[in-house]
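Worksheet for the structure shown next.
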Amino acid sequence: MKYSRLILCAALILSAASCKSQYEALLNSNDVDAKYAAAFDYFNQGKFNKAANLFESLTVLTNGSEKDDTVNYYWGLSNYNFKDYYTAETNFENFTTKYPRSPLTERARFLRLDCLYRQTLRYELDQAPTNRCLSALAEYLRDYPSNDHISECEAMLKDLNDRLDTKAYEAAKLYYKMEDYLAARVALRNVLKDDAENIYREDILFYTAKSSYKYAQLSVPQKQRERYLVFIDDYLNFKGENPDSKYVKELDYLYSRAQKALGKRSEDYEKEIKEKAYAKERKKLEKALAKEKKQK
């Protein structure tokens with residue numbers, strides 16, 4: 001019995017060695033047809049790493065031939081299926097540069113997008129890969145507006161843009177957590193200045209108002225009036241845009257505290273804010289009229 005097992009193990013080792021030597025022989029062979037057939041055989045068996053190695057070695061042998069674009073495409077596809085997305089992305093990028101008119105180019109460009117997307121990082125980390133993927137997405141949608149992957153592209157776009165929105169919001173909010181309220185208000189306002197449609201717009205406006213209130217509250221008495229007025233401006237801006245927000249009750253309370261601190265009624269504040277807004281609009285109108293007059 002023991003002897004039979006030894007014979008079986010030896011046979012298996014010899015078989016494995018034979019397969020290995022056959023694969024290595026193919027890998028080092030210059031027989032294009034045999035290597036080409038074996039590469040697809042390994043690919044169809046799901047042995048993508050071996051297929052990738054064979055397709056890579058074929059690229060030198062088929063360069064300039066009618067098989068060249070197929071070999072290069074399946075080299076990338078083998079790496080993609082092997083989950084080596086970094087190498088596959090490079091393969092597909094090189095493929096689309098070398099064969100812009102190939103019938104496989106659109107598919108290769110989409111798979112490159114997928115590789116780029118899989119290389120993106122959590123919002124807390126470097127977002128350079130995110131921006132690179134967004135740029136490639138924009139180019140792909142521009143060149144193939146009626147492609148078969150619209151829903152997938154839209155999902156990628158939403159996820160990547162949401163990630164950038166989250167990073168910008170959390171970075172600005174960090175100043176608030178550090179109790180640097182002036183810097184927090186500036187940073188939060190800059191987030192909306194750069195992207196008015198940020199998905200955290202309501203939260204940003206809320207923390208902008210809270211930052212201005214806390215900054216006024218902690219200021220020296222001589223500076224408090226003008227800084228409370230800034231808070232009231234932020235408060236009215238928030239409430240006008242988000243009248244049913246979950247944050248309204250808290251900001252209403254801060255508003256009453258600001259009124260009490262300044263000893264003025266809410267009507268006085270609202271009148272002052274409206275007068276400021278009117279003066280601002282009037283100035284814009286006068287500027288526009290002056291420009292129109294100058295053009296005539």
Problem - hydrophobic_cluster_shared for I204 and Y123, side chain cutoff 4.5 Å - result: no
Practice task
Could you point out which residue of F40, F95, F92 forms a ring-ring contact (aromatic ring centres under 6.0 Å, His included) with Y74?
Solution key: F40
Exercise for the section: Compare all side-chain heavy atoms of N91 with those of Y80 and state whether any distance is below 4.5 angstrom. Expected result: no
Handout entry: Residues clustered with L164, ILVMFWY side-chain links under 4.5 angstrom
Key = F110, L113, Y117, L134, L137, Y140, L141, Y144, I150, M156, L157, L160
Handout entry: Electrostatic pair D33:K67 at N-O distance under 4.0 angstrom
Key = yes
Handout entry: Residue R118 excluded, over 12 heavy atoms near CZ under 6.0 Å
Key = yes
Exercise for the section: Could you walk me through whether F48 and Y42 pass the ring-ring contact (aromatic ring centres under 6.0 Å, His included) test, one step at a time? Expected result: CA-CA 7 Å; F48 300 116; Y42 280 120; over 10 Å; no
Practice task
May I ask you to check whether Y181 and Y215 place their ring centres under 6.0 Å from each other?
Solution key: no
Problem - Under-4.0 Å salt bridge between D31 and K35 - result: no
Exercise for the section: Side-chain contact test, heavy atoms from C-beta onward, threshold under 4.5 Å: evaluate it for R109 versus E139 and give yes or no. Expected result: yes
Handout entry: Any R107 side-chain heavy atom under 4.5 Å of H149 side chain
Key = yes
Problem - Pairing residues for Y200 by the side chain to side chain donor-acceptor pair (under 3.5 Å) criterion, not counting sequence neighbours - result: T166
Problem - Qualifying residue, where the test is side chain to side chain contact (heavy atoms under 4.5 Å, CB included) with Y228 and the options are L262, D233, L254 - result: L262
Problem - Close side-chain approach of E124 and K167, heavy atoms under 4.5 Å - result: no
Problem - Donor-acceptor contact present, side-chain N72 to main-chain D68, <3.5 Å - result: yes
Problem - Salt-bridge present (D252, K239; N to O < 4.0 Å) - result: yes
Exercise for the section: Would you indicate whether E66, at its atom CD, is surrounded by more than 12 heavy atoms from other residues, nucleotides or ligands within a distance under 6.0 Å? Expected result: no
Practice task
Using distance alone, with no hydrogens and no angle criterion, decide if S219 and R227 have a side-chain donor and acceptor under 3.5 Å apart.
Solution key: yes
Handout entry: Any donor-acceptor pair under 3.5 Å from T105 side chain to S102 backbone
Key = yes
Exercise for the section: Verify the neighbour count for atom CD of E226: are there more than 12 heavy atoms of other residues, nucleotides or ligands below 6.0 Å? Expected result: yes
Exercise for the section: Look at the rings of F55 and F43 and say which category their plane angle falls in: under 30° parallel, 30 to 60° tilted, over 60° perpendicular. Expected result: perpendicular
Exercise for the section: Examine Y73 and L54 and state if one hydrophobic cluster contains both, with Ile, Leu, Val, Met, Phe, Trp and Tyr joined whenever side-chain heavy atoms are less than 4.5 Å apart. Expected result: no
Exercise for the section: Determine, using the 4.5 Å side-chain heavy-atom cutoff (strictly less than), whether L251 and Y253 are members of one ILVMFWY cluster. Expected result: yes
Exercise for the section: Report, as yes or no, whether the 6.0 Å neighbourhood of atom CZ on F82 holds more than 12 heavy atoms from other residues, nucleotides or ligands. Expected result: no
Handout entry: Charged N-O contact under 4.0 Å between E250 and K210
Key = yes
Exercise for the section: Run the salt-bridge test on E241 and R201 with the 4.0 Å N-O cut-off and return the result as yes or no. Expected result: yes
Problem - Greater than 12 external heavy atoms within 6.0 Å of K98's NZ - result: yes
Fill in the blank from the handout: side chain to side chain donor-acceptor pair (under 3.5 Å) test vs R185 passes for just one of D180, T208, D234, namely D234
Handout entry: Joint hydrophobic cluster, Y175 plus L192, side-chain heavy atoms closer than 4.5 Å
Key = no
Practice task
Return yes if a side-chain donor-acceptor contact under 3.5 Å exists between Y85 and D114, otherwise no.
Solution key: no
Practice task
For side-chain contact (heavy atoms from CB on, under 4.5 Å), just list the numbers for L121 and T130, CA-CA rounded to whole Å, side-chain angles, deciding distance to a tenth of an Å, and then say yes or no.
Solution key: CA-CA 7 Å; L121 307 171; T130 296; over 6 Å; no
Problem - Electrostatic pair E24-K50, nearest N-O below 4.0 angstrom - result: no
Practice task
Decide yes or no for R257 and Q217: does some side-chain heavy atom of the first lie under 4.5 Å from some side-chain heavy atom of the second?
Solution key: yes
Handout entry: Partner residues of Y247 under the ring pair (Phe, Tyr, Trp, His ring centres under 6.0 Å) criterion, sequence neighbours left out
Key = F206
Practice task
Considering only NZ, NE, NH1 and NH2 on the basic side and carboxylate oxygens on the acidic side, decide whether D203 and K173 come within less than 4.0 Å.
Solution key: no
Exercise for the section: Look at atom OH of Y36 and say whether more than 12 heavy atoms of other residues, nucleotides or ligands are closer to it than 6.0 Å. Expected result: yes
Handout entry: Note, L188 side chain near S211 side chain (heavy atom, < 4.5 Å)
Key = yes
Handout entry: ILVMFWY network linking L26 to W75, side-chain heavy atoms under 4.5 angstrom
Key = no
